[in-house]
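What follows is one structure encoded as structure tokens, with my remarks underneath.
Every chain is numbered from 1 and lettered A, B, ... according to where its sequence line falls, protein lines coming before strand lines.
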Number of protein chains: 2
Amino acid sequence: MKKVDLSACPVCSKLEIDDEEGFLNDLKCSTKAYQKNELIIRQGEVCDALYMLTLGSVKTEMITENGNILGIEIIKAPRPLAPAFLFSDNNHFPVDVTALEEVEIMKIPKAEIVRLMMTKPDFMTSFMTHNANRTQFLTNRLQLLSIKTIKGKVAHFLLENSIRDGKPFEINRNQTELADFFGVARPSLARSLSEMIQEGIISVNKKEFTILDSKRLRQIIV
Amino acid sequence: MKKVDLSACPVCSKLEIDDEEGFLNDLKCSTKAYQKNELIIRQGEVCDALYMLTLGSVKTEMITENGNILGIEIIKAPRPLAPAFLFSDNNHFPVDVTALEEVEIMKIPKAEIVRLMMTKPDFMTSFMTHNANRTQFLTNRLQLLSIKTIKGKVAHFLLENSIRDGKPFEINRNQTELADFFGVARPSLARSLSEMIQEGIISVNKKEFTILDSKRLRQIIV
DNA sequence: TCAACAGTGTAACAGATGTTACACTTTAAT
DNA sequence: ATTAAAGTGTAACATCTGTTACACTGTTGA
């Protein structure tokens, strides 16, 4: 079994462990390998252990890491899979997880996670933070999706990303990706953008946006 | 100060405390009272302590407990306010919180929460579970919102709530509430429902729904 | 019994977005 | 430099949803 790089894992990075080998040996867990295209987790399956992806990459169909709606999220080792669901009352996975290549999954029992959290403050806060960040991400997406008009979404998004009025800022998405992010059709987004440019509310140059009239922009959100 | 009913609080209920008085005295925290209509938390404020509502009720404008979009959520004591954000990297409150009556808020420093979690396993799992449930709730809402057509939302919702094909089941929302839940206009929902009834896919009697053709219902979601 | 009201069905119309198609520009690779 | 591919602007049209309005039903309480 290949050595796991703990420092790269969002929930383990802060662990100060002298004896990494010993730490992993003491951890009660089972490791299982999967072939390419093998189904690792089926939607609805009970989640009673933390699934830690230690090698390879997997895909899940859900809200993706970069925010696209119902797209395919690709997760690379090392990262926990759906850690938030381990403690929920209805502890079922919301999605299928499929191996994209040769994959190793470390399955750590819930009780063991609890033990880790109780004994290692750094692990606990990392784990909490990781989940909290995910929650905040979901909240933001929900706010954006609950805005019904395309112009409203654009306004919300630009106001959230701008530094200050009149100062140009980069959006690291092209128009097609932005449309996916908003969950709208690309030509529809283009139309809305060009109307907002026409009205003198914003200006756009490639991926560089400038807010010209933040007051009117705010009014659009409703 | 009025005595707090710990057993009713979702994150404290499992605490086995002989000396409740002593427990609260040992807890490093500050309590503050607010008048009716007073702003307790401003959107964007830094969240570096757990805000526990110990008395009264507050409102926040966000995704509500019963799932309505951008509605006003009313929270009654005892319940923590936005516990998920305490540990997030970008620890800012996403919403305003306003007192609906005379309110008491117990502000517990993050370090104190960490201490509690480290020393009281029951508190830790309750806290984790509460946050996890919230995450799962958000995930479900996001899935529903990402479906763009009204019929699709209806299909997703009914399939999720039905016991089995052909067996009637109750939805504890009227049509108006259901429309709010989906984030659509009431007449639009009525139209979609009547079309689906016309097509023989479902039948509806007051709040009792029956799935007649689950295959076609599944096709609608897309 | 009656009135008031919430809840529902439905229609006409307006507005927003999706779909499809195509031309044009920019970028990257050869 | 040339070409292919990706990205963008835009138009015409179809479709869906929201808005507004009104009639009808069932429920509730006086």
Side-chain angles (χ1 to χ4, degrees), chain A residues 66-71 141 144-158 168-210 216-217 219-222, chain B residues 66 68-71 144-158 168-210 216-217 219-222:
Chain A
N66 51 14
N68 289 356
I69 298 157
L70 284 189
R141 297 269 39 222
L144 189 66
L145 275 185
S146 68
I147 299 170
K148 282 175 200 149
T149 65
I150 296 181
K151 287 185 184 178
K153 290 175 207 272
V154 171
H156 176 92
F157 179 77
L158 292 182
F169 54 95
E170 284 278 322
I171 298 295
N172 63 344
R173 291 177 154 89
N174 64 33
Q175 210 183 72
T176 307
E177 290 165 346
L178 207 52
D180 282 343
F181 181 69
F182 290 151
V184 301
R186 201 269 310 161
S188 303
L189 175 60
R191 173 173 42 204
S192 293
L193 282 177
S194 71
E195 282 170 11
M196 291 168 85
I197 294 167
Q198 208 67 35
E199 294 162 16
I201 300 175
I202 61 171
S203 73
V204 182
N205 189 337
K206 317 242 172 145
K207 293 181 180 180
E208 190 182 90
F209 288 73
T210 311
R216 270 196 290 167
L217 199 59
Q219 285 171 345
I220 288 176
I221 297 184
V222 179
Chain B
N66 52 13
N68 290 356
I69 299 156
L70 282 189
L144 190 65
L145 274 185
S146 68
I147 299 170
K148 280 173 205 151
T149 65
I150 296 181
K151 286 185 184 179
K153 289 176 207 277
V154 172
H156 177 90
F157 180 76
L158 293 182
F169 53 95
E170 284 279 322
I171 298 295
N172 62 344
R173 289 179 155 89
N174 63 33
Q175 210 183 72
T176 307
E177 290 167 346
L178 207 52
D180 281 343
F181 182 69
F182 290 151
V184 301
R186 202 269 310 162
S188 302
L189 174 60
R191 172 173 43 205
S192 293
L193 283 176
S194 72
E195 282 171 11
M196 290 167 85
I197 293 167
Q198 209 68 35
E199 294 164 15
I201 299 174
I202 61 173
S203 72
V204 182
N205 188 338
K206 316 239 172 147
K207 292 182 179 179
E208 190 183 87
F209 288 72
T210 311
R216 269 196 291 166
L217 199 59
Q219 286 171 346
I220 288 176
I221 298 183
V222 179

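For R191(B), there are no salt bridge (charged side-chain N to carboxylate O under 4.0 Å, His left out) partners at least two apart in sequence or on another chain. Partners of T176(B) under the side chain to side chain contact (heavy atoms under 4.5 Å, CB included) rule, at least two apart in sequence or in another chain, are N174(B), R186(B). Not counting sequence neighbours, E208(A) has no partner by the salt bridge (charged side-chain N to carboxylate O under 4.0 Å, His left out) test. Every residue two or more places apart in sequence or in another chain was checked for a ring pair (Phe, Tyr, Trp, His ring centres under 6.0 Å) with F209(B), and none qualifies. Take T210(B) and apply the side chain to side chain contact (heavy atoms under 4.5 Å, CB included) test, not counting sequence neighbours, and it matches P168(B), S203(B), L212(B).
Nearest-nucleotide positions on DNA chain D place A190(A) closer to the 5' end than the other of L189(B) and A190(A). Projected onto DNA chain C by closest heavy-atom contact, I150(A) and N174(B) fall at different nucleotides, the more 5' of which corresponds to N174(B). With DNA chain C read from its 5' end, the first of the two nearest nucleotides for K206(A) and R186(A) is the one closest to R186(A).
Contact annotation for S188(A): base contact, defined as any heavy-atom pair under 4.0 Å involving a base atom.
One axis for each end of the helix from dT1(C)-dA30(D) to dT30(C)-dA1(D), each built from five base pairs, and the angle between them comes to 40° at 10° resolution.
The cationic atom of R173(B) (NZ for Lys, CZ for Arg) does not lie both less than 6.0 Å from the six-membered ring centre of F157(B) and within 45° of the ring axis.
Heavy atoms of other residues, nucleotides or ligands lying less than 6.0 angstrom from CD of E170(A) number more than 12.
When rounded to the nearest whole Å, the span between CZ of R191(A) and P of dC13(D) equals 14 Å. Between the P atom of dC16(D) and the NZ atom of K153(B) lies a distance of 15 Å, rounded to the nearest Å.
The nucleotide range of DNA chain C contacted by chain A, defined by atoms under 4.0 angstrom from heavy atoms of the protein and reported 5' to 3', is dT17(C) to dT27(C).
For the pair E177(A) and K207(A), the salt-bridge criterion is not met [side-chain N within less than 4.0 Å of a carboxylate O].
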